[in-house]
Structures are given as structure tokens and as C-alpha cells.
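Notes follow once the structure below has been shown.
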Amino acid sequence: MNAPATEPTRVRAIARDGVTRVKLQARHVMETGRRKNELGLLVPAHYVTELVVTHNGRVVLDAAFGPSVSQNPYLSFAFAGGAPGDTVSVRWRDNLGASRVDEATVG
Amino acid sequence: MDQARRVALKAGGAWGVLSAFAALGLMTPAQATAARNDVAFDATSMVAALRALGVDAPTPSDQIEITAPEVAENGAMVRVAVASALPGTALVALLIDRNPNTLAALFRLPAGTEAAIETRVKMAESSALTAIVRAGGRFYVAHREVKVTVGGCG
């Protein structure tokens with residue numbers, strides 16, 4: 001079984017007044033396993049199960065998802081610290097074993 | 001069988017390696033992440049989900065604010081934000097009472113991360129949203145009703 005192709009997560013991180021605000025959107029179908037296709041067949045469950053955000057290697061958000069999270073999962077949050085030029089990294093994996101890591105430079 | 005194992009190892013990929021590093025103590029706590037609570041995410045009722053999360057009789061709190069539309073026209077994408085003003089908030093769980101899988105998302109917040117997260121969820125039908133917060137070793141809870149015009153869990 002080849003892992004399905006994945007698309008980059010969009011990540012934006014802006015540091016201001018000692019706080020870094022992160023907005024991210026992973027690209028994923030987030031199939032619940034309950035939806036039927038046009039032939040009336042169930043589409044197998046396929047969704048992100050874990051998503052972790054790190055700042056310069058330190059975890060700043062550790063998230064676990066069920067299939068109720070919307071298609072192309074979106075998150076917005078903030079952490080103390082961070083400065084322009086730092087690296088924010090987002091990695092996720094899904095229930096079928098696919099995973100990917102994307103980075104953004106803090107602006 | 002060997003082939004199956006090879007596939008499983010490949011599928012484990014980088015995360016398997018990371019877990020192994022964590023087990024060997026090669027990662028600092030700042031880099032380690034918690035294993036997903038699959039039992040809680042598989043739960044199909046609030047009672048079962050809370051039991052799997054180890055939450056017993058959480059205290060209702062007006063220090064937890066759930067922001068969501070009163071009426072969501074598209075249940076496939078409902079904006080939800082949860083903010084906790086409780087000192088020492090370390091965990092936020094978002095549950096959708098009437099969804100097939102009750103637990104939608106669980107966030108672990110290291111020190112320094114603000115206890116305010118926005119995301120988007122699917123809602124199968126009109127339902128209460130429930131936020132569970134762990135702060136200072138205790139569990140707290142808040143609710144908010146959302147009317148859904150067209151369900152989004154199909």
C-alpha cells in the first residue's frame with residue numbers, strides 16, 4: 001500500500017508584543033467513514049488523527065482529532081514568545097498512516 | 001505476515017521513530033507528545049467519551065467561553081472557539097453531544113500557549129457543544145447550543 005499523496009499545510013505565524021499568533025490549515029479530506037458516494041457505497045474513514053505545532057523545536061500545541069473536525073482542518077491559537085525569523089513547524093498524521101511536516105518562518 | 005509488518009512499519013514512518021526516541025529518553029519533554037486516546041475518540045456517547053477521558057463530574061465554569069454561531073447553515077463547517085480564563089489550563093477537549101463520534105478534538109497546551117483555540121467542526125444535527133477544560137489538576141465544563149440547518153456529517 002503506497003501512502004496517498006498529501007498537500008502542504010498552510011501556516012502563518014506573526015510575532016507581535018511578545019506573542020506569536022498562528023493560523024494554519026492542513027489539506028485533508030477528513031472523511032468520517034459514514035458518507036456514501038454517488039454509487040451508494042460508504043467512503044472509508046480517512047482523517048487526521050494528530051497534529052503537533054512546534055516553535056524552534058518546542059511543542060506549542062499538541063492536538064488530537066476525531067472525524068468531526070472539518071475538511072481541511074483549520075486552527076488558530078497563540079503562544080508566548082517567538083520572534084520574526086523563528087521557525088514554526090506543523091506535522092500531522094492520519095488514520096491511514098500518512099504524515100507530513102511543513103514549516104513557516106515567523107513574520 | 002512479514003509483508004504486513006513491513007507495511008505497518010513503513011506506515012508508522014517518522015512518528016514511529018519519534019515515539020522510539022521518546023521511549024529511549026532521547027527527546028526532551030518539550031518535544032514529546034501525548035499518545036492519542038483512541039478509546040475516547042471512538043466513543044459514541046458523552047458518558048463513554050468522558051469516562052475514557054477520565055473526567056468525572058466536572059465543575060461547571062463561567063470562565064470557559066465557547067464561541068459559535070447560534071444558527072449554523074452548513075453543518076460541514078461550523079466555526080468554534082474555546083477560551084478558558086482558568087489559571088493553569090493545560091487541556092481543552094471539544095465534544096459535540098449529538099455527533100456520531102462525540103469527541104471532536106483534544107488540545108494539550110504547554111505552558112506559554114494561550115488557552116484560546118479556534119477551529120472548524122462538522123455537526124450532524126442541532127446539538128450542544130461541550131468544552132471540557134483541565135486546569136490545576138481539576139476538570140471544568142461549559143456548554144453552548146448550536147442549531148444546524150443542514151447537517152454535515154454525511
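Chain identifiers are assigned alphabetically (A, B, ...) following the order of the sequence lines, protein sequences preceding nucleic acid strands; residue numbering begins at 1 within each chain.
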Heavy atoms, side chains only, cut-off 4.5 Å: are [X] and [Y] in contact?
X: B:Val150; Y: B:Asn74; answer: no
X: B:Val78; Y: B:Pro69; answer: yes
X: A:Arg93; Y: A:Arg100; answer: no

Original post:
Would B:Val92 end up clustered with B:Leu106 when hydrophobic side chains under 4.5 Å apart are linked, directly or stepwise?
Top reply: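 No, B:Val92 and B:Leu106 fall in different hydrophobic clusters.
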Output the option from [options] having the highest count of non-hydrogen pairs under 4.5 Å with chain B.
options: A:His55, A:Gln71, A:Met30; answer: A:Met30
options: A:Asp62, A:Leu61, A:Leu75; answer: A:Asp62
options: A:Ala80, A:Gly81, A:Gly66; answer: A:Gly66

**OP:** Heavy-atom pairs under 4.5 Å with chain A are the metric here; pick the option from B:Ala81, B:Ala93, B:Ala104 that has the most.
**Re:**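 With the most close heavy-atom pairs to chain A, the winner is B:Ala104.
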Original post:
Can you say whether A:Val19 sits under 4.5 Å from chain B via the side chain, the backbone, both, or neither, judging by heavy atoms?
Top reply: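 For A:Val19, side-chain heavy atoms alone lie under 4.5 Å from chain B.
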Check each atom of [X] against the heavy atoms of chain A and say whether the ones under 4.5 Å are side chain, backbone, both or neither.
X: B:Ile96; value: side chain
X: B:Ala40; value: neither
X: B:Ala34; value: both

Original post:
Given B:Glu73 and B:Lys147, is the salt bridge (Lys or Arg N to Asp or Glu O under 4.0 Å) satisfied, shown in steps?
Top reply: CA-CA 8 Å; B:Glu73 291 188 1; B:Lys147 288 197 180 84; over 6 Å; no
Subject >> Atom of A:Thr20, atom of A:Ala83 and distance for their closest heavy-atom approach >> reply: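 Heavy atoms only, the tightest pair is OG1-N, 4.5 Å.
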